[in-house]
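Below, read A as the first sequence line, B as the second, and so on, with proteins coming before strands; counting in each chain starts at 1.
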There are 2 protein chains.
Amino acid sequence: MTSKQEFIEKLRNSSLRPTKQRINICEVLFNRDKTFHFTINDLFILIKDKTGEKVSLATVYNTVHAFHKKGYLKEIPINSNQTYFDTNVTDHHHFFDVKEEKLIDLKNEDVGPIEIQKSIPGKKIKSVEVLVKLED
Amino acid sequence: MTSKQEFIEKLRNSSLRPTKQRINICEVLFNRDKTFHFTINDLFILIKDKTGEKVSLATVYNTVHAFHKKGYLKEIPINSNQTYFDTNVTDHHHFFDVKEEKLIDLKNEDVGPIEIQKSIPGKKIKSVEVLVKLED
DNA sequence: ATCTTCTTTAGAATAATTATAAACAAGGAA
DNA sequence: TTCCTTGTTTATAATTATTCTAAAGAAGAT
């Protein structure tokens, strides 16, 4: 459980002004036990439901992108009509249940080390992500 | 090099009528040495350039989806504004050069075997794909 | 030839995301 | 505090990839 005050400091330290909207979004996103997978629209609805205050859709987009840029959110590479984000920014992988359009975390141990044996001159590896699609 | 006649047979065997448009698309997609990564829009433009005949955008969508369904194309999971497809439908992985928005194949040997140690009751694994993002 | 079914097509509809520009709020300086 | 600058929010419009629609056209069977 992170206090409102801690979110304010975290935002300040990232040179993001701690607005009411951003603090609300922080509380919805980061006051959780488990990792959270969401789309912008999921979040938009959740904010209203959980905080009782409405934040405009544009602000949700702005804030999620700002948090992503600062490294507080991770974008999950799937082809879906909507973009998925993850509050777990550590190195890890995903199951994607194609039928139910649901993401499930895979711990790094569940996948084992992945050694990339090829390299591209002038480029370095930014991330290695495994997506395991599930069917019935 | 596959002949037009062979494409016609391939289409018939897949219960897809061999129309002029589909044959043109086959020639653009499958008469290649190397694997080919593309977006619908890439392909739309290429068809005009390579065959001199225009195929409507809707038909390109229809055909690519039909080929995908039949297993002649693979969809590559990246978050991009456009969906990427691959003519290499064998089990393999990708580099994605984020800056240049370019895909590069990774052979299975370049990545090594991936053992998924976790399973979800009632679900089976459909595919395992690794995406390695590259930066400068 | 004729008929049925599948396919193509242009254009409209949809839906996610981004841009715009005006109102507003934060934080600093006086 | 009050003023000022800069960053933020907001509703709405614009953009863009993709899907839908319905009419015209082509394939294949009879």
(message) Taking Cys26(B)'s backbone N and O only, do any of them form a donor-acceptor pair with Asn31(B)'s side chain (distance below 3.5 Å, no angle check)?
(response) no
(request) Would you mind telling me which residue lines up with the more 5' stretch of DNA chain D, Ile40(B) or Pro18(B), judged by nearest nucleotide? (result) Ile40(B)
(message) For Glu100(B), give me all partners under salt bridge (charged side-chain N to carboxylate O under 4.0 Å, His left out), at least two apart in sequence or on another chain.
(response) Lys123(A)
(message) The criterion is side-chain hydrogen bond (donor to acceptor under 3.5 Å, both in side chains); which residues satisfy it with Ser14(B), sequence neighbours excluded?
(response) Tyr72(B)
(request) Please step through side chain to side chain donor-acceptor pair (under 3.5 Å) for the pair Thr59(A) and Asn62(A), ending with a clear verdict. (result) CA-CA 5 Å; Thr59(A) 299; Asn62(A) 288 340; 5.0 Å; no
(message) Reading DNA chain C from 5' to 3', where do the contacts with chain B start and stop? Cut-off is 4.0 Å to heavy atoms.
(response) dT5(C) to dA10(C)
(request) For the pair Asp49(B) (side chain) and Leu46(B) (backbone), establish whether a donor and an acceptor sit closer than 3.5 Å, ignoring hydrogens and angles. (result) no
(request) Over 60° means perpendicular and under 30° means parallel, so classify the ring planes of Tyr61(B) and His65(B), tilted if in between. (result) tilted
(message) To the nearest 10°, give me the bend of the helix from dA1(C)-dT30(D) to dA30(C)-dT1(D), comparing the axes of its five terminal pairs at either end.
(response) 20°
(message) In this structure, how many angstroms lie between the P atom of dT10(D) and the CG atom of Asn62(A), rounded?
(response) 10 Å
(message) What contact category does Asn41(A) fall into here, base, sugar-phosphate, or nothing, at under 4.0 angstrom with non-hydrogen atoms?
(response) nothing
(message) I'd like to know if the side chain of Arg22(A) and the backbone of Arg17(A) have a donor-acceptor N/O pair within less than 3.5 Å.
(response) yes
(request) Nearest whole angstrom, please: distance from the C1' of dG25(D) to the CZ of Arg22(B). (result) 14 Å
(message) Does anything in residues 77-89 of chain B come within less than 4.0 Å of DNA chain D? Heavy atoms only, and list the residues if so.
(response) Asn81(B), Gln82(B), Thr83(B)
(message) It should be established whether His65(B) places a side-chain nitrogen or oxygen under 4.0 Å from OP1 or OP2 of nucleotide dT18(D).
(response) no
(message) Would the distance check show the side chain of Glu6(B) and the main-chain N or O of Ser3(B) forming a donor-acceptor pair, the cut-off being under 3.5 Å?
(response) yes
(request) Mind listing the residues from residues 8-17 of chain A sitting with a heavy atom below 4.0 Å of DNA chain D? Number order is fine. (result) Leu16(A), Arg17(A)
(request) Give me the residues of residues 42-61 of chain B where at least one heavy atom lies under 4.0 Å from an atom of DNA chain C, by number, or none. (result) Lys54(B), Val55(B), Ser56(B), Ala58(B), Thr59(B)
(request) Would you please name every residue forming a side-chain contact (heavy atoms from CB on, under 4.5 Å) with Asn88(B), sequence neighbours left out? (result) Thr35(B), Asp86(B), Thr90(B), His92(B), Asp105(B)
(request) Count the heavy atoms of every other residue, nucleotide or ligand shown that sit under 6.0 Å from NZ of Lys20(A), and state whether that count exceeds 12. (result) no
(request) Return the set of residues passing salt bridge (charged side-chain N to carboxylate O under 4.0 Å, His left out) with Asp110(B) (not counting sequence neighbours), or none when no residue passes. (result) none
(request) For Thr51(B), check side-chain contact (heavy atoms from CB on, under 4.5 Å) against everything at least two apart and list the hits. (result) Asn24(B), Val28(B), Ile47(B), Glu53(B)
(request) Identify, with sequence neighbours excluded, every residue that meets side-chain hydrogen bond (donor to acceptor under 3.5 Å, both in side chains) alongside Asp33(B). (result) none
(request) Would you mind checking if Lys99(A) and Asp136(A) are paired as a salt bridge, meaning a charged N to carboxylate O distance below 4.0 Å? (result) yes
(request) Check side-chain hydrogen bond (donor to acceptor under 3.5 Å, both in side chains) between Glu101(A) and all other residues, then give those that pass, not counting sequence neighbours. (result) none
